[in-house]
Every structure is written in structure tokens, then in C-alpha cells.
Colleague: 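Mind having a look at this structure? Questions to follow.
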Amino acid sequence: MSHSIHNLRRMRLQRSTLAVPGSNPTMIEKAADSAADCIFLDIEDAVAPDDKERARRNIIEALNDIDWKAKNKTISVRINGLDTHYMYRDVVDVMEQAGAKLDMVMIPKVGVPADVYMVEALLNQIEMAKGYENKVGIEALIETPLGMANVEAIAAAPSRLEALHFGVADYAAFNKARTVNIGGLHPDYPGDQWHFALSRMTVACRAYGLRPVDGPFGDFSDPDGYRAAAKRGAALGIEGKWAIHPSQIALANDEFSPLGGEVDRARRILAALKEAAAAGKGAASLDGKMIDAASERMAMNVIAVDDAIRASAK
């Protein structure tokens with residue numbers, strides 16, 4: 001193990017991240033009572049230019065009026081991009097009027113570490129000015145070629161960044177990729193054309209203590225396709241996936257939760273290794289398979305997720 005170790009910056013249960021347009025108060029109210037682990041209220045792509053200010057006001061009202069903590073929800077706001085004239089007002093208005101109720105700010109189309117720095121500087125100043133006790137975290141969307149080219153640098157830079165999300169729709173558009181639907185697979189590609197991007201982002205997250213989250217799957221009439229995408233992401237180490245429709249929440253929660261058999265085996269691995277250590281052995285055998293220190297780390301990952309799910313249920 002290298003002497004340079006970056007522990008997880010912030011543990012949050014984020015199997016499902018429900019995207020909700022800030023321009024629709026009814027959807028915001030329904031989202032609060034959903035089974036989603038995390039909700040982001042959107043002022044960016046899901047909101048038309050003429051509705052930006054109204055969406056911002058709706059979000060501020062919802063943050064203040066709904067008891068998100070009592071509903072066991074992690075709440076985030078996706079601001080507009082740094083290349084727009086909406087962004088600074090998104091941060092200033094939301095933070096000054098409702099920052100004490102907010103868990104995270106999501107930055108779209110992050111391309112370089114300085115993008116995160118700019119938003120963090122605003123958060124720092126507003127929190128100091130308002131005397132907030134909570135420190136709002138940052139999520140970054142990796143959805144451009146520039147962002148993916150710099151993903152390691154973005155993840156490595158010291159900041160209050162907690163998670164990286166893969167924005168497959170804009171990523172496909174900026175790369176001029178041929179695609180059947182948002183997050184779907186192209187029949188002419190021999191496998192999953194998003195595999196490299198997801199894997200690279202996940203490695204960057206795990207190297208520097210961030211949570212990797214997969215983005216949207218556009219065809220909400222295709223639950224099997226959504227499940228397949230979630231399974232592929234989970235196999236890489238992704239922690240959760242967006243839900244752009246309420247029907248996708250249960251699918252994400254299911255696919256990113258360890259199965260009962262997985263949890264049981266993980267606990268048996270720890271018990272077997274403890275017994276082996278007592279006998280002076282560094283490895284052991286369980287169900288006809290060798291287990292060692294790496295097995296212990298994998299088992300502890302499974303148990304940590306299970307513990308978080310149980311804590312959330314309480």
C-alpha cells in the first residue's frame with residue numbers, strides 16, 4: 001500500500017438520486033415523500049431559460065418549507081453552468097436564503113479543478129457571512145470531453161468535493177457519439193460504449209476518496225435496460241444511479257443494495273479470517289475458495305453499505 005492514502009471524504013447513502021425540475025413544485029413535494037436516497041432539485045437542463053428565476057424561487061421555498069432531514073433525504077441543488085449568467089445568482093440566492101437546509105451543490109459540466117474552486121469560494125464566503133454551522137458539500141458532473149480528460153485532476157484537487165456523476169447525455173453529445181437513447185447501448189458497438197468513461201471516473205473517485213455515481217437512463221419505459229445498466233455500474237464499483245422517473249427509484253435501490261446472501265458471505269469471510277489470524281495464518285479457505293486480506297476489504301465494503309442501509313431505514 002502506498003503511503004499516500006485518500007480516505008472517503010464523506011459517506012452518504014446514494015443508491016438512487018432522483019432528478020426533479022425546480023420549475024415543478026408538485027414534483028418537488030412528491031419527491032420528498034419518495035424512496036430516493038438523494039434528491040437534486042434542478043435549475044439547469046430540466047428548466048427552460050424563461051423559468052430559471054421561478055425555479056430558483058421554488059427551490060428556495062421547498063428547502064425552507066419541507067423537513068428533508070425528517071424525511072431522511074440528502075438534498076442537493078444542480079446550479080447552472082459556469083459559462084452562463086445564471087450560475088452566480090443560483091449559488092448566491094439559494095445559499096443566502098436556504099443554505100442552512102442544503103446538503104450539496106451539484107456543478108454541471110465541470111472541466112477543470114478551477115471550476116470547483118470557483119463555486120467553493122462562493123460557498124465559503126456565504127457560509128461565513130451568514131454564520132451557517134453546516135458546510136455544504138459539492139458534487140461535480142463529468143459530462144464533457146474536457147472533464148473526462150481532467151477527471152483525475154478534478155478528483156485530486158483539495159476541495160469539499162464529495163462525488164462525481166457521469167452525465168452520459170451531454171458526454172455523448174459533446175463527443176458526437178451515435179447513441180440510441182440516453183444511457184442506452186448502441187447495437188453497432190461490441191459491448192458497452194460507456195464502460196471506459198465510467199471506469200475511468202470510478203478509478204479517479206476511489207483514488208481520491210469520492211463517491212462515483214452513474215447518471216440517467218432516458219427510457220423509463222425500459223426497466224430491464226435500466227437494471228442492466230445499473231448492474232454494469234455496480235460491477236465497476238459505482239455506488240448509485242440517477243432516477244429521472246419515480247419508477248426508477250426502486251430499481252436503483254435494489255441494484256445498488258447488497259443481496260442478503262452477499263452480506264451473509266461477507267460476515268462469514270470476516271469470521272473465517274479472524275479464526276485464521278488466531279491460528280497464525282494470513283489466508284483461509286471458505287466454501288472451497290481462498291480468502292485473504294483483499295477478501296476482507298471486499299467483505300467490509302459490502303457490510304458498510306448494508307450498515308448504511310439499515311441506519312437509513314431506522
Side-chain angles (χ1 to χ4, degrees), residues 12-80 86-87 89-108 130 132 134 136-139 141 162-163 165 167 169 182 213-221 223 226 230 240-254 256-257 308-309 311-314:
R12 293 189 196 270
L13 187 63
Q14 201 166 2
R15 298 167 299 173
S16 53
T17 296
L18 179 62
V20 184
S23 53
N24 193 322
T26 301
M27 290 182 68
I28 295 175
E29 291 178 7
K30 290 181 178 179
D33 292 320
S34 73
D37 292 332
C38 182
I39 294 166
F40 79 81
L41 305 179
D42 194 17
I43 325 178
E44 198 219 10
D45 281 355
V47 178
D50 290 345
D51 288 337
K52 298 287 189 186
E53 291 187 15
R54 181 165 61 89
R56 195 184 297 136
R57 291 195 299 270
N58 291 342
I59 288 172
I60 291 168
E61 183 176 340
L63 289 172
N64 286 318
D65 291 351
I66 298 173
D67 192 342
W68 300 94
K69 288 289 183 292
K71 294 177 181 292
N72 202 28
K73 295 287 179 283
T74 295
I75 187 74
S76 180
V77 170
R78 179 165 72 168
I79 60 175
N80 284 280
Y86 305 109
M87 169 266 172
R89 186 53 61 190
D90 291 342
V91 177
V92 171
D93 285 3
V94 171
M95 282 296 296
E96 286 193 342
Q97 298 177 50
K101 307 293 182 66
L102 190 59
D103 293 311
M104 296 182 290
V105 167
M106 182 185 293
I107 311 172
K130 300 294 290 186
Y132 292 148
N134 65 308
V136 174
I138 292 177
E139 305 177 280
L141 263 164
E162 296 184 13
H165 295 240
I182 295 174
V213 180
D214 193 10
F217 186 86
D219 188 355
F220 53 81
S221 67
Y226 184 96
K241 187 168 177 60
W242 286 17
I244 61 166
H245 188 274
S247 65
Q248 295 178 333
I249 297 171
L251 301 177
N253 287 347
D254 186 31
F256 290 98
S257 297
I309 293 170
S312 177
K314 292 180 181 180

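The model shown is predicted, which means the values in this text are computed figures rather than measured ones.
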Colleague: Taking atom CG of Leu141 and atom CD1 of Ile107, what is their separation to the nearest 0.5 Å?
Modeller: 9.5 Å
Colleague: How close do Gly99 and Val136 get, heavy atom to heavy atom, and via which atoms?
Modeller: O-CG2, 3.9 Å
Colleague: Rounded to the nearest 0.5 Å, how far apart are CG of Asp42 and CG of Leu18?
Modeller: 11.0 Å
Colleague: Nearest 0.5 Å please: distance from the CD1 atom of Ile75 over to the CG atom of Leu41.
Modeller: 4.0 Å
Colleague: Identify the heavy atoms of Ala32 and Lys73 that sit nearest to each other, and give their distance.
Modeller: O-CE, 3.8 Å
Colleague: Could you pull out all residues at least two apart from Asp93 that satisfy side-chain hydrogen bond (donor to acceptor under 3.5 Å, both in side chains)?
Modeller: Arg89
Colleague: Mind listing the closest non-hydrogen atom pair of Glu139 and Ser76 along with its distance?
Modeller: OE1-OG, 2.8 Å
Colleague: Among residues two or more places apart or on two chains, list those pairs meeting salt bridge (charged side-chain N to carboxylate O under 4.0 Å, His left out) that have a residue in residues 23-33.
Modeller: Asp33-Lys71
Colleague: Pro25 and Asn58: which non-hydrogen atoms are nearest, and at how many Å?
Modeller: CG-ND2, 3.7 Å
Colleague: With sequence neighbours excluded, tell me which residues meet side-chain contact (heavy atoms from CB on, under 4.5 Å) with Glu96.
Modeller: Val92, Ile126
Colleague: Output the distance between atom CD1 (Ile28) and atom CD (Glu61), rounded to the nearest 0.5 Å.
Modeller: 9.0 Å
Colleague: Which residues pass the side-chain contact (heavy atoms from CB on, under 4.5 Å) test with Ala169, not counting sequence neighbours?
Modeller: Ile182
Colleague: Would you say the side-chain atoms of Glu162 and Gln14 include a donor-acceptor pair closer than 3.5 Å?
Modeller: no
Colleague: With sequence neighbours excluded, give me every salt bridge (charged side-chain N to carboxylate O under 4.0 Å, His left out) pair touching residues 97-106.
Modeller: Lys69-Asp103
Colleague: Measure the shortest side-chain to side-chain distance between Asp90 and Val77 over non-hydrogen atoms and say whether it is less than 4.5 angstrom.
Modeller: no
Colleague: Does Ser221 have any side-chain hydrogen bond (donor to acceptor under 3.5 Å, both in side chains) partners at least two apart in sequence or in another chain, and if so, which?
Modeller: Asp219
Colleague: Sequence neighbours excluded, which residues qualify as side-chain contact (heavy atoms from CB on, under 4.5 Å) partners of Ile309?
Modeller: Leu13, Arg15, Ser257, Pro258, Val305
Colleague: Search all heavy atoms of Ala36 against all heavy atoms of Ile39 and return the closest pair with its distance.
Modeller: CB-CG1, 4.3 Å
Colleague: If you count heavy atoms of other groups shown closer than 6.0 angstrom to CZ of Phe220, is the number above 12?
Modeller: no
Colleague: Can you list everything that forms a side-chain contact (heavy atoms from CB on, under 4.5 Å) with Met27? Sequence neighbours excluded, please.
Modeller: Val20, Pro21, Asn24
Colleague: For residues 244-254, which side-chain donor-acceptor pairs fall under 3.5 Å, sequence neighbours excluded?
Modeller:
residue : atom : partner : partner atom : Å
His245  : ND1  : Ser247  : N            : 3.0
His245  : ND1  : Ser247  : OG           : 2.8
Gln248  : OE1  : Ile244  : N            : 2.9
Gln248  : NE2  : Phe217  : O            : 3.0
Asn253  : OD1  : Ser16   : OG           : 2.7
Asn253  : ND2  : Ala35   : O            : 3.0
Asp254  : OD2  : Arg227  : NH1          : 2.8
Asp254  : OD2  : Arg227  : NH2          : 3.3

Colleague: Under the 6.0 Å and 45° cation-pi test, does Lys241 pair with Phe256?
Modeller: no
Colleague: Which pairs, with at least one residue in residues 37-78 and sequence neighbours excluded, count as a ring pair (Phe, Tyr, Trp, His ring centres under 6.0 Å)?
Modeller: Phe40-Trp242
Colleague: Using a 3.5 Å cut-off and no angle test, enumerate the donor-acceptor pairs between side-chain atoms of residues 48-55 and protein atoms at least two apart in sequence or in another chain.
Modeller:
residue : atom : partner : partner atom : Å
Asp51   : OD1  : Arg54   : NH2          : 3.2
Lys52   : NZ   : Ile43   : O            : 2.8
Lys52   : NZ   : Glu44   : O            : 2.8
Lys52   : NZ   : Val47   : O            : 3.1
Lys52   : NZ   : Asn80   : OD1          : 2.8
Arg54   : NH1  : Ser23   : O            : 3.4

Colleague: List the residues meeting side-chain hydrogen bond (donor to acceptor under 3.5 Å, both in side chains) with Gln97, not counting sequence neighbours, and say none if there are none.
Modeller: none
